[in-house]
4 protein chains.
Amino acid sequence: MHGRPRDPALDAAIRKAALDIVTEQGYKRLTMEGVAARSRVSKQALYRRYASKGELLLAALDAFAEEVLPAPDTGSLREDLLFLVRAAFAFHRSSNSAFSQAVAAEAAQGPAFARQALEKVINPRRDIFRAVFARARERGELLCSDDDLLIDLVYGPLWYALLFNFDRLTDAYAESLTDAVLAAARQA
Amino acid sequence: MHGRPRDPALDAAIRKAALDIVTEQGYKRLTMEGVAARSRVSKQALYRRYASKGELLLAALDAFAEEVLPAPDTGSLREDLLFLVRAAFAFHRSSNSAFSQAVAAEAAQGPAFARQALEKVINPRRDIFRAVFARARERGELLCSDDDLLIDLVYGPLWYALLFNFDRLTDAYAESLTDAVLAAARQA
Amino acid sequence: MHGRPRDPALDAAIRKAALDIVTEQGYKRLTMEGVAARSRVSKQALYRRYASKGELLLAALDAFAEEVLPAPDTGSLREDLLFLVRAAFAFHRSSNSAFSQAVAAEAAQGPAFARQALEKVINPRRDIFRAVFARARERGELLCSDDDLLIDLVYGPLWYALLFNFDRLTDAYAESLTDAVLAAARQA
Amino acid sequence: MHGRPRDPALDAAIRKAALDIVTEQGYKRLTMEGVAARSRVSKQALYRRYASKGELLLAALDAFAEEVLPAPDTGSLREDLLFLVRAAFAFHRSSNSAFSQAVAAEAAQGPAFARQALEKVINPRRDIFRAVFARARERGELLCSDDDLLIDLVYGPLWYALLFNFDRLTDAYAESLTDAVLAAARQA
DNA sequence: CCTTAATCGAGACGGTACGTCCTGTCTTGTT
DNA sequence: AACAAGACAGGACGTACCGTCTCGATTAAGG
């Protein structure tokens, strides 16, 4: 038998509360207790859905996951890449950086979270690069066959900067990085 | 100023306890309370030395910092790089990965820690690459003048994998990555 | 008024579950939640019948209430009293003591429960004594006209012992107590 | 070694809070959480001292335990008894009845508590009767040698009334009860 | 030699959050 | 209607750490 169904309004309220707290106070201050209080939801109802801060964070991340990700097609690999890298930098430079850092912190501490973040947040963004690379390959602009490596060359330095050298995420760096990736891309 | 001097044996006991707890139970379980208990040191004495888990972690990291970092000089940039990248991968693949992840988690959550980690752990390792690049430049093997960018191309993907895709840190990947860096290095 | 009639099988199941839990785990562990779970009855159906632990306890007590209460008639007041006092002691000494204590605990905390317990459990037992006293009075064995006082002299010490000195409920004590009551009974 | 000693001011604050809550809101509303909040004491400090509501109640009862118990000596057993019985009734009729009921409830549910209550609250009051009986015995007013039985005849009906028939605790009843006890006392 | 001051262990303290349990009410669909 | 199932707000539970604070007992260096 079925019992009373879960109230979807609560899911929304919880996600919103979590989102607000992270952006306003940072991930460190994100607390099950606090989310319950802010969303006016009982702790029980909260724990029924999310057993940990990590799961809660992933749920809150859905807001970003649903974003339509832009896939540029300028006809030039360099232009496409530059656009994407700049956009990625801009995203992490914005107020969303609290989330990026939360994701990093959580991923560092649990492979379970890492896997889910990969699937929900990381891979969709990598796929856009894949599409760009596919088109460039048709045009003959790309000799390297290892898309994953090239994408790592973009996102690696990005998350690395996010961890240790936040200020590095400038537009100038975006351009240098893009050219470095291009050098690798043109090499068989 | 006089009074009883601090007992250096306590420093050692504390660092050892912290180290043991992190490797045995992971960084999440590292607790000031737990370290005090395990090292048979009073909380007071502990807090006198390290005001936070972060400082404690950095102190425990000194064990690694004191390691002699090997600086290869094979006469070939590719060989030197390959050696360093493989060594770095090996280090993070080992049981020390708990520490790498702890550093990542802590850095993600506080620029103060990030800065200290940078100085104590990250930059010394970057400097080794710098030396290698300097020699290669003299030999004419290196056109790119931006050492930091090249080093980011190495360590970026490494930490990125550490966060999201641990299994990626294979020797094969080390080689691919090295060649990508070389491509960027040879480009003006 | 129509609709589906209440299932009497549920009443039985609930009472049994409550009874079992009290005897097995004590009154403290008696929980509406637990009774519902054990009796495989929904909490709704449970609350429809019994609005509180007290009501539930009283319902469970019906099992005892339906017992045929023996009314001795030996021709001697002392013999009759002794029989009743011993029987009462024996009852409370048995495994039913969990119930007696539950009744005491609940009565202590709510006059509402106390009144219901009085009516359903306490008074019926007092009435047996009344009958015995009535016969004794006819035989001229009884000068005291205050039955309630005499009965208090029996049940008072019994419940008192139940609260504070359980071990006191021996047969020897039953005899002493009976003789004390007799002394009071023979006095105008 | 010793560590920081417990702050005795906290003991006082806790006892006061517990006392106030019980008299103001009844024993049911007495909550470890509530006592901690009202006494501005951390839950930890509270639990360090009292592991349960029962222990807390006993501690709060110290206020009464320290009371000087009056021991009448009128030269007449009846007068002495009457005085004591009336005083006892008056005590339980007063606002302290909340405590009496709390004690009853708690004693009913745990022999551990019962034993402690016996020692701290019950027995000291019984001892006063013992003293009165001793004097009466010297005067030849007392033939019964079983003090405990006689005291049960007093306190039994009292607690019995406390549980089931609160209104019974009148001065008239005190007199009837006294006379009944006297009848038993005069009997060998 | 003997203060003097910072150290040490032990552990109490006010807080905050944890994750669980129970209460009493409610909302489903099913009988 | 009553029923099983189970979600819901609310409140209390007992525990774990946090960082700070007494205690009494050491331990040197400086007077």
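All heavy atoms count here, side chains included; hydrogens, waters and symmetry mates do not. Numbers restart at 1 for each chain; the letters A, B, ... are given by sequence-line order, proteins then strands.
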- Query: Looking only at N and O atoms, is any donor in the side chain of C/Gln44 or the base of E/dT27 less than 3.5 Å from an acceptor on the other one?
  - Reply: yes
- Query: Counting just side-chain N and O atoms, does B/Arg6 come under 4.0 Å of either OP1 or OP2 of E/dT7?
  - Reply: yes
- Query: Tell me, do D/Trp159 and C/Leu162 make a side-chain contact under 4.5 Å, heavy atoms counted?
  - Reply: no
- Between C/Arg29 and D/Ser39, name the one whose nearest nucleotide on DNA chain E is closer to the 5' end. D/Ser39
- Spacing between C/Leu30 atom CG and E/dC22 atom C1', to the nearest angstrom: 12 Å
- Message: Taking side chain to side chain donor-acceptor pair (under 3.5 Å) as the cut-off, I'd like each qualifying pair that reaches into residues 53-65 of chain C, sequence neighbours left out, listed once.
- Response: C/Asp62-C/Lys120
- Note on the structure: Walking DNA chain E from its 5' end, the first of C/Ser52 and A/His2 to be reached, judged by nearest nucleotide, is C/Ser52
- Message: Distance check needed: E/dT25 P versus C/Tyr50 OH, whole Å only.
- Response: 17 Å
- Judged by nearest nucleotide, the residue sitting upstream toward the 5' end of DNA chain F, D/Lys53 or A/Ser42, is A/Ser42
- Query: Is the phosphate of F/dC8, meaning OP1 or OP2, less than 4.0 Å from a side-chain N or O of A/Arg48?
  - Reply: yes
- Validation row: D/Asn96, D/Phe64 side chains within 4.5 angstrom (heavy atoms): yes
- Item | D/Arg4 vs A/Ala45, nearer the 5' end of DNA chain F by closest nucleotide | A/Ala45
- Query: How about D/Val121 and D/Val103: do any of their side-chain heavy atoms sit closer than 4.5 Å?
  - Reply: no
- Query: Just how far, in rounded Å, is C1' of E/dT16 from CG of D/Leu46?
  - Reply: 17 Å
- Item | Rounded distance in Å - CD (A/Glu33) to P (F/dG14) | 17 Å
- Let me know the distance between CD1 of C/Ile21 and P of E/dC22, rounded to the nearest Å. 10 Å
- Query: Taking only N and O in the side chain of A/Thr31, is any of them less than 4.0 Å away from OP1 or OP2 of E/dT16?
  - Reply: no
- If you check every side-chain atom of C/Val41, which of F/dA4, E/dC8, F/dG14 has the closest atom? F/dA4
- Item | Donor-acceptor pair (no angle test) under 3.5 Å: C/Lys43 side chain, F/dG6 base | no
- Rounded distance (Å) that lies between atom P of F/dG6 and atom CZ of A/Arg49: 15 Å
- Nucleotide F/dA7, atom P - distance to OH of C/Tyr47 in whole Å: 17 Å
- Whole angstrom is fine here: how far is it from CE in A/Met32 over to P in E/dT20? 10 Å
- Query: So A/Ser97 and A/His92, side chain to side chain donor-acceptor pair (under 3.5 Å) or not? Walk me through it.
  - Reply: CA-CA 5 Å; A/Ser97 71; A/His92 290 280; over 6 Å; no
